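All values below were derived from every heavy atom in this structure, side-chain atoms included, with hydrogens, water molecules and symmetry-related copies excluded. Keep in mind that what you see is a predicted model, and the values were worked out from it rather than measured. Within every chain, numbering begins at 1; the chains are lettered A, B, ... in the order of the sequence lines, protein sequences first and strands thereafter.
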Amino acid sequence: MSTFQRYDPQTIEPKWQHRWESEKTYACTEDPTKPKYYVLEMFPYPSGNLHMGHVRNYAIADVVARFRRMQGYNVLHPIGWDAFGLPAENAAIKHGTHPAKWTYANIDNMRSQLKSLGYSYDWDREIATCHPKYYRWEQEFFLRCLEKGLVYRKKATQNWCPKCNTVLANEQVVDGLCWRCDSHVQQKELTQWFLKITAYAEELLADLKKLEGGWPDRVLSMQRNWIGRSEGAELIFPLEDGKGQIPVFTTRPDTVFGVTFMTLAPEHPLVKELVAGKPNEAEVLRFVERVRNMDRIDRQSDDLEKEGMFTGAYCLHPFTGERVPIWLGNFVLAEYGTGAVMAVPAHDQRDFDFAKKYGMAIRPVVQPEGAALDGATMTEAYDGPGTMINSGEFNGMPNEQAKSAIIEALHKIGRGRKTVNWRLRDWNISRQRYWGAPIPVIYCDKCGMVPVPQKDLPVILPTNVQTYPDGRSPLPDTPEFVECTCPVCGGKARRETDTMDTFVESSWYFARYTAARKEDAPFDPAALAYWLPVDQYIGGVEHAILHLLYARFFTKMLRDFGYFPKNISEPFTNLLTQGMVLKDGSKMSKSKGNTVDPTAMIAKYGADTVRLFCLFTAPPERDFDWSDSGIEGSYRFLSRIWRLYGDVRDIIMPVAACSSTAKDAAVSPLAREIRLKEHATVKKAGEDIGNRYQFNTGIAAVMELVNALYLAKDELSATEQGRKVLSSAISTVLTLMSPVTPHLCEELWADLHRNTEPSMLEQQPWPQWREDALKRDVLTVVIQINGKLRSKIEVAADASKEELEHAALADPTAARHLEGLTVRKVVVIPGRLVNIVAN
RNA sequence: GGCCGGGUGGCGGAAUGGCAGACGCGUCUGACUCAAAAUCAGAUAUCCUUCCGGGUGUGAGGGUUCAAGUCCCUCCCCGGCUACCA
């Protein structure tokens, strides 16, 4: 009887964590002799405490990192803090502290929480984006953008969150609400800084192709939707009075002969001119005002009643010269296309509804096969394919062909061209808040806007300021910050007081990790070339558009600036979007009171159990519901490994995984069975944990092996060879589980080697399964009759097709089912089944 | 409306076109115990049948195939993204 103690994670976990920390076990450097692997999780915002979503995210990443190390990769697995942002300011206001103090205290707390989970980070590379040594490089990138014209200042109507007291990027407005606080977003006219992400629209879209297979389809599809490429043509309709023209964007140039009116957005810049002096001028302007003042959400809602008004003006059809009345329509968006739409009621439902309401002509120009459209009797628009009619020289063409023919004809007369329209807008990065990276720009009355010279970077965010209770930025009222001298003329000047959107910091942090301590440059070219791109990125799907689009944009831009190697166009080769951790079917939140505190769970069950539960309960991409009995089950399994080890501790040997031989296994059928199971488990777990990231099934396979060992251990213990088989299988269990539950496995491995050279499990190679160990002499083959399972037979593994067929037909159970039937066909799948077709 | 996911026991979830429900949770039975807990062993889709066994079953309906949860078509439902996008 062994005196081995019971499983006590509270003593073994801190022990290994201290050892990993003091020995810097997971620090890494570039090593050209080894293949590299860069595993990265989306870094946390230092909100105060880890939540279960973090724990799950980082558990997934840690398994990948540990697995790759055991496979012989040189693994980079860093962590840091996305440390600028509004919650710090709000908390500081609420608790009367300073955002910096609050942030750094949270980082300290969360760092120790991460350490208590045993994640294998290279802590030497830890970064915090609020540190000047980090954001100074961002300011440098900003200056490069200025030089290249990739950042510009523009006065425009912007999304304004009244609660956060700042503007928001389009990507940060969700259903008309602020992504952070759910406030109703207002529209405000402001001068703001924009990053020209649209300059990369084409490449951002095209390169999604490169990510197919590595990224989830739905993320690719979300990005495609967001970028929103739309191919069509810009057509020009000259004004009747000859004083200008109206360009329109259309995806249906083939329907141009069906145009019976023109619809402009009420905000269209030409409206004032068009109605000037017209009889209903005042009425039209009132309409414009009314629509303009409508709430944005109401205006874009589905059930907005289509309303319009005739301006009194006309333009001319580009081909026929026919007079086309110009209307205003409340459903036309000023910010998409040209803000003007050529209306073809016969082939566009919106135009159809509008034409019906206001009595405009409906003229079909695309005839579907086998039907004759009549504008007078149509009940809805026809938007399908067909043959051109009522379209002059284009009549008789298939409409798809007419699209390009018409564009070409218009091009010849200077009235149109092929164009592409994008949904993507430039990225507004100005924020009217304090806790962010200052925009390195100075305004001088004489010289205008002047970039801060590179030598004066960083522009440090002053920390000796008091935040205001209403959240307004204190920067404009901080003379030490604002007042400066103009770098050009030396005169008095003012600093920009807007800070950068925090998504700018997270757009390039993955690259900074490759040389996190470098002081004289943002990156080390050799380190970048070695580590980039990130091989596996892991995080929540809520960043499918925001962060992941911005980071892709930055990668391309920094490549073009010469910071990144030329061949790096995409930052993240593979992306895994992990699901949420729910409680009682809904997202954990303090307000609902359904949170599960990771620290409490670690205290109760240990980090290994928490990690195991997060990985075992569901496949990583799926949401899962936290279950108290589920985590009990995970704890039970670890206790079971511990007990199994304890039971056989005194009779097993410190051997490598998969070390028992066929000769050892020959001692008994059971020994052979166990060795086979051991190798089959290595095959399955390696595939599931290492390649497919289906940790739940990989762990399930190890559970099966453990179950089998429980049943076999007494018999195997009886012989020397049996003990070898058992020892090998136990080592295999510990090795396979070590990426998931490193503390327990390391502890048992150390105990196993108590009388030998000290050896770390994590330095062991991932086990190799052997084909010959998976071979059986006798197999069970299923007999189906007409596709239904009827019997099973044991046959020699090398039985020929003929032998199998013969054996199946001779099987008494099969014979009984075949009574009175004639066998028509026999399908034999060697090693699997025999299907007898009979009637 | 468009695009992308998904629908399998009481629950979480498994199944390269080849034994549906692995593994875990829960439940039940047995062993151990004075007893309970823990642990160990076993059972657990559903219906019919005393047993042997048989029928049915992966959202619905068709199809392909010797064989379909898996492939194809039509449809329903749930989730996500996008949307009067011209």
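With both ends at atom P, the span from rG17(B) to rC71(B) equals 8 Å, rounded to whole Å. When the C1' atom is used for both rU50(B) and rC11(B), the distance is 33 Å, rounded to whole Å. Only the C1' atoms considered, rC19(B) is 15 Å distant from rU70(B), to the nearest whole Å. When the P atom is compared between rG12(B) and rG18(B), the two are found 25 Å apart, to the nearest whole Å.
The phosphate of rA86(B) has neither OP1 nor OP2 within less than 4.0 Å of any side-chain N or O from R423(A). At rU82(B), none of the side-chain N or O atoms of R218(A) fall inside 4.0 Å of OP1 or OP2 (strictly under the cut-off). Between H347(A) and the phosphate of rA86(B), there is no side-chain N or O to OP1/OP2 separation shorter than 4.0 Å. Distances shorter than 4.0 Å separate none of the side-chain N or O atoms of R643(A) from OP1 or OP2 on rA38(B). Side-chain nitrogen and oxygen atoms of K788(A) include at least one within less than 4.0 Å of the OP1 or OP2 phosphate oxygen of rU56(B). At rA14(B), one or more side-chain N or O atoms of N696(A) fall inside 4.0 Å of OP1 or OP2 (strictly under the cut-off). S221(A) has no side-chain polar atom (N or O) that falls below the 4.0 Å cut-off from OP1 or OP2 of rU82(B). Between R636(A) and rG26(B), a side-chain N or O to OP1/OP2 separation shorter than 4.0 Å is present. Residue Y710(A) has no polar side-chain atom (N or O) positioned under 4.0 Å from OP1 or OP2 of rA41(B). R622(A) has no side-chain polar atom (N or O) that falls below the 4.0 Å cut-off from OP1 or OP2 of rG7(B). Contact between the side-chain N/O atoms of N835(A) and the OP1/OP2 oxygens of rU65(B) is not found at any separation under 4.0 Å.
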Check: Can F613(A) and F624(A) be said to form a ring pair (Phe, Tyr, Trp, His ring centres under 6.0 Å), step by step?
Finding: CA-CA 11 Å; F613(A) 178 64; F624(A) 81 76; 5.6 Å; yes
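Comparing P619(A) and A334(A) against RNA chain B, the residue whose closest nucleotide sits nearer the 5' end is P619(A).
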Using a 3.5 Å cut-off and no angle test, enumerate the donor-acceptor pairs between side-chain atoms of residues 252-262 of chain A and protein atoms at least two apart in sequence or in another chain.
residue : atom : partner : partner atom : Å
R252(A) : NE   : D254(A) : OD1          : 3.1
R252(A) : NE   : D254(A) : OD2          : 3.2
R252(A) : NH2  : D254(A) : OD2          : 3.0
D254(A) : OD2  : N399(A) : ND2          : 3.0
T255(A) : OG1  : R252(A) : O            : 2.8
T260(A) : OG1  : A361(A) : O            : 2.9

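Using a distance-only test at 3.5 Å, with no hydrogens or angles considered, no donor-acceptor pair links the side chain of R415(A) to the main chain of I236(A). When atom types are taken as modelled, the side chain of H268(A) and the backbone of A340(A) share no donor-acceptor pair closer than 3.5 angstrom.
Between the CG atom of L424(A) and the C1' atom of rU82(B) there is a distance of 14 Å, given to the nearest Å. The CZ atom of F695(A) sits 13 Å away from the P atom of rA14(B) (whole-angstrom rounding). The distance from atom CG of D351(A) to atom P of rA86(B) is 12 Å, rounded to the nearest whole Å.
With hydrogens and angles ignored, a donor-acceptor pair closer than 3.5 Å exists between the side chain of R832(A) and the base of rU16(B).
Regarding the sugar-base torsion, rG7(B) falls in the anti class, its angle being beyond 90° of 0.
With both pairing distances under 3.5 Å, rA43(B) is matched to rU27(B) as a Watson-Crick or G-U wobble pair. rC32(B): no Watson-Crick or G-U partner with both key distances under 3.5 Å is found in any strand. rC75(B) is paired with rG59(B) under the Watson-Crick or G-U wobble criterion, all donor-acceptor distances under 3.5 Å. rC51(B) is unpaired under the criterion used here, namely a Watson-Crick or G-U wobble arrangement in which both key atom distances are under 3.5 Å. Pairing for rC19(B) is absent, with no Watson-Crick or G-U wobble pair whose two atom distances lie under 3.5 Å. Shown here, rC3(B) forms a base pair with rG80(B); the pair counts as Watson-Crick or G-U wobble because both key distances fall under 3.5 Å. Across all strands shown, rA67(B) forms no Watson-Crick or G-U wobble pair with both distances under 3.5 Å.
Using a 4.0 Å heavy-atom cutoff across all strands shown, I545(A) reaches sugar-phosphate atoms only and no base atom. R229(A) comes within 4.0 angstrom of nothing in the nucleic acid, heavy atoms only.
Side chains of N421(A) and S230(A): a donor-acceptor N/O pair is absent below 3.5 angstrom, by distance only. For the 3.5 Å distance criterion, the side chains of D628(A) and W626(A) qualify, holding a donor opposite an acceptor.
Relative orientation of the H543(A) and H547(A) rings is perpendicular, given thresholds of 30° and 60° on the angle between their planes. Between Y550(A) and W427(A), the ring planes are parallel. Angles under 30° get that label, and only those over 60° would be called perpendicular.
A206(A) pairs by the side chain to side chain contact (heavy atoms under 4.5 Å, CB included) definition with nothing, not counting sequence neighbours.
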Polar pairs (N or O, both sides) under 3.5 Å between protein and nucleotides 70-73 of chain B?
none

